[in-house]
Amino acid sequence: MSIANTQTETIIDAGIIEENDQVLARVEHLKALENLVGNSYPNKYERSRITGEEDTISNLLEYKPVAEIAEEFERHKSGLNEGEKPDQELKARLNEKLKALGNVRISGRLAVPPRVMGKAAFVHLSDGASRLQIYVRKQDAKAISNDTGNIIETEDAAWELFKLLDHGDFLGAEGFLFLTNTGELSVHVETLQFLSKSLLPMPDKMHGIADPELQRRYRYADLIADSLKIKTQEEIEEEKRTGVKKLTTREVFERRARLISGMRRYLDDHGFIEVETPMLTPKATGAAAKPFATHHNALDIPLYARIAPELYLKRLTVGGFEKVYELNRNFRNEGLSQKHNPEFTMLEFYCAYMDVNGMMDFAEAMIQEAVKKATGGSLQVKYDGKEIDFSRFERLSMKDAIVKYAPKSLLKFMSGSAGLDKSFFDDVVKMGALRDLSSQEASLDRVVMAKNGKETIFVYGEDNIQEKLSEGYEVNELASQELFNFDEKLEKYSSLEGKKEFLDKFTLEIFENIIEEKLIQPTFIIDYPKSISPLSKASPENPQIAERFELFINGMECANGFSELNDPQEQYERFVDQMKERETGDEEAMVLDEDYIRALAYGMPPAAGIGIGIDRLVMLLTNKHSIRDVILFPHMRPERKDEEAEKTNSEK
RNA sequence: GGUCCGAUAGCUCAGUCGGUAGAGCAAAUGGCUUUUAACCAUUGGGUCCCUGGUUCGAGUCCAGGUCGGAUCACCA
């Protein structure tokens with residue numbers, strides 16, 4: 001029972017779809033269509049197979065004999081002058097060739113409102129990715145009955161059917177391929193079959209859905225609108241000017257799919273086995289994050305949505321899976337942002353007998369292959385006006401990164417008259433002061449400058465400082481130090497003199513505050529403090545350093561890997577340390593997993609592992625600034641009915 | 001959570017100083033047998049996000065709220 005002839009409450013009555021002139025017109029059309037063709041929601045439509053596989057519109061357009069004819073006519077047309085008619089003989093010849101390919105049966109959604117011209121009409125059908133035009137003439141088109149499957153003998157039935165079609169409806173059409181006067185490949189329709197109704201009107205055919213809220217909330221509508229959207233002249237020129245093609249919503253997710261399949265292919269080809277470990281876990285561990293909690297009724301136990309599959313995958317290395325991976329969702333009950341969604345996709349893999357350096361090599365090669373698959377061969381992508389180059393991943397220790405990227409004025413202060421010998425990394429008082437400074441970004445790059453001792457000015461930002469230096473200004477060290485309140489900060493931290501245990505924390509904070517955002521090109525940051533890496537092995541050269549790296553691209557942490565700690569006793573002690581931190585209020589310190597320790601006690605081979613944030617990589621490859629644009633159905637606050645909002649209002 | 005910005009026709013958006021609610025697309029009706037952002041003519045379409053307040057009068061001003069965006073903080 002369709003909405004056109006139901007006896008019960010309709011989806012309009014129920015308020016599920018809005019009632020307006022356009023919806024009502026579509027319901028009327030549906031009613032008339034049912035009188036004409038019977039069942040308005042038929043079960044199938046068999047497409048032809050002249051391409052050798054199912055003739056989707058995309059397949060047909062790519063089918064060599066078809067594409068070559070279209071190209072030939074295109075070449076002819078491009079040689080014509082403005083207003084000059086194409087060679088009719090050539091057209092006739094090409095059209096004969098097209099006709100000889102045989103009839104096609106295609107199907108799709110009406111991509112545009114039908115263009116009816118008296119007794120003939122054009123409309124484009126879309127298969128979601130590509131579109132193909134059909135041409136319907138009143139005099140020679142026939143309609144198929146959905147009840148009998150046969151041609152309806154009533155005069156002009158197909159024309160009646162066509163006139164009842166709305167932008168967005170699904171239609172099947174059989175006919176022969178031909179080129180129109182303007183050279184567009186089209187199907188000259190012999191039979192039409194109505195396949196499904198769009199009761200809701202399509203969004204603006206030029207603009208699609210512009211509101212990001214509607215795009216994400218009604219992704220299905222965004223996908224339709226964005227694929228059917230006709231590019232405006234301005235958009236075409238913009239793309240020409242910048243050389244960056246704006247991806248449609250569909251293309252974003254196609255690219256995502258290619259990245260993921262590229263990674264799977266690479267891992268499979270290198271002997272890795274894909275596994276699935278629990279998503280609902282008795283302990284939320286393997287990472288430092290707050291979990292979603294739920295309850296299993298039959299077992300009467302609490303369960304947590306996993307925050308990372310890490311400890312399960314490493315149990316499998318104990319069990320003999322030397323190379324193992326999982327590519328799936330993790331869940332973290334934390335804030336939402338452009339870089340954070342409560343559920344996100346992570347690729348984790350582990351490789352026995354490999355250390356952190358081998359893992360960096362391997363991960364770099366794997367990401368490069370997958371990026372090429374995603375982009376269609378390129379290792380360079382345009383992001384936000386910058387070019388990100390995946391062809392080389394730099395490797396820098398955290399301290400070297402600070403030296404390389406921290407504002408020069410600060411480093412000068414830190415290193416003192418002795419010059420840049422990095423001894424300040426061991427000076428807990430200076431590091432404390434620098435940590436303070438780094439958290440007040442406004443004061444960071446600011447110095448006092450003067451020209452010949454006069455014209456004292458404040459300058460903000462490294463670039464501006466450089467500019468002023470070239471104009472003959474000099475940095476006034478004393479005044480700048482006063483501006484930073486260096487002395488005050490040094491004083492504040494003087495009580496920490498000699499307390500080395502704070503050094504790691506300060507180094508990390510300085511790095512996070514001011515360095516991360518400057519790591520635009522792919523960069524592995526190595527030499528993480530051991531104290532914040534409870535699952536990774538210490539470096540053989542320096543027991544305070546973990547054999548760990550994080551990969552940063554465009555200031556975003558995209559991957560995290562290390563030589564896996566496989567000594568059960570040491571792992572136990574690290575967990576105990578984490579539990580202590582938990583007791584002192586660090587909610588995100590890692591939870592002890594006894595069974596994991598037990599697994600390690602059977603012996604785990606030396607191994608390296610990595611976790612790669614897929615969504616963030618996809619953002620980089622699709623020039624998207626929000627993780628919500630690379631997740632099909634991102635989490636959003638539910639819409640509230642007016643009454644509920646009112647209730648909340650009166651409660652407050 | 002803080003700050004800033006936004007919400008007007010199905011969609012994309014205007015709306016001046018507080019004074020009758022606007023355009024384009026889409027829709028309806030008519031015309032048009034190779035159009036393509038089809039074209040021409042005519043017509044209909046509004047809870048101006050919600051609740052209050054100020055005012056003779058509120059889309060516009062004020063307060064509170066809802067949802068979203070940006071940003072900061074937190075976390076990954």
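Numbers restart at 1 for each chain; the letters A, B, ... are given by sequence-line order, proteins then strands. Atom set for the values below is all heavy atoms of this structure, side chains included, hydrogens, waters and symmetry mates excluded.
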Considering every strand and a 4.0 Å limit on heavy-atom distances, what is the contact class for [X]: base, sugar-phosphate, or nothing?
X      : result
A/D211 : sugar-phosphate
A/A225 : nothing
A/N341 : base
A/H29  : sugar-phosphate
A/G613 : nothing
A/R216 : sugar-phosphate
A/M636 : sugar-phosphate
A/E334 : base
A/A210 : sugar-phosphate
A/V112 : nothing

Where each residue is assigned the nucleotide of RNA chain B containing its nearest heavy atom, which of A/E18 and A/R616 is assigned the position nearer the 5′ end? A/E18

Nearest-nucleotide comparison on RNA chain B, the residue closer to the 5′ end among A/E19 and A/K339: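 On the 5' side of the pair lies A/E19.
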
Below 4.0 Å: OP1/OP2 of [N] and any side-chain N or O of [X]:
X      : N     : answer
A/R637 : B/U66 : no
A/R115 : B/U35 : no
A/R628 : B/G69 : yes
A/K205 : B/A26 : yes
A/R332 : B/A76 : no

Could you let me know what [N] is paired to, Watson-Crick or G-U wobble, both distances under 3.5 Å, or none if it's on its own?
N     : answer
B/C32 : none
B/C25 : B/G10
B/U3  : B/A70

Please list residues of residues 120-128 of chain A whose heavy atoms come under 4.0 Å from any atom in RNA chain B, ordered by number; otherwise none.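 Residues of residues 120-128 of chain A that come under 4.0 Å of RNA chain B are, in numerical order, A/A120, A/F122, A/H124.
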
Using the [atom1] atom in both, what is the distance from [N] to [M], to the nearest Å?
N     : M     : atom1 : result
B/C50 : B/U8  : C1'   : 15 Å
B/A26 : B/U3  : P     : 44 Å
B/G6  : B/A14 : C1'   : 15 Å

Exercise: do A/T285 and A/D593 side chains pair donor with acceptor under 3.5 Å: no

Pair A/S2, A/E34: side-chain N/O donor-acceptor within cut-off below 3.5 Å: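 Yes, A/E34 and A/S2 have a side-chain donor paired with an acceptor closer than 3.5 Å.
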
Does [X] [atom1] have over 12 foreign heavy atoms under 6.0 Å away?
X      : atom1 : value
A/K99  : NZ    : no
A/Q88  : CD    : yes
A/K77  : NZ    : yes
A/E235 : CD    : yes
A/R329 : CZ    : no

Distance criterion of 3.5 Å, no angle test: do you see the side chain of [X] paired donor-to-acceptor with the base of [N]?
X      : N     : value
A/D204 : B/G24 : yes
A/Q22  : B/A26 : yes
A/Q133 : B/U35 : yes
A/Q139 : B/U33 : yes

Choose from B/U34, B/A70, B/U12 the nucleotide whose nearest atom is closest to any side-chain atom of A/N181.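 So the side chain of A/N181 is nearest to B/U34.
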
Taking only residues two or more places apart in sequence or in another chain, which ones pass ring-ring contact (aromatic ring centres under 6.0 Å, His included) with A/F552?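 If we apply the ring-ring contact (aromatic ring centres under 6.0 Å, His included) test to A/F552, skipping adjacent residues, the hits are A/F511.
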
Rounded to the nearest 0.5 Å, what's the gap from CG on A/L336 to NE2 on A/H635? Could you check? 8.5 Å

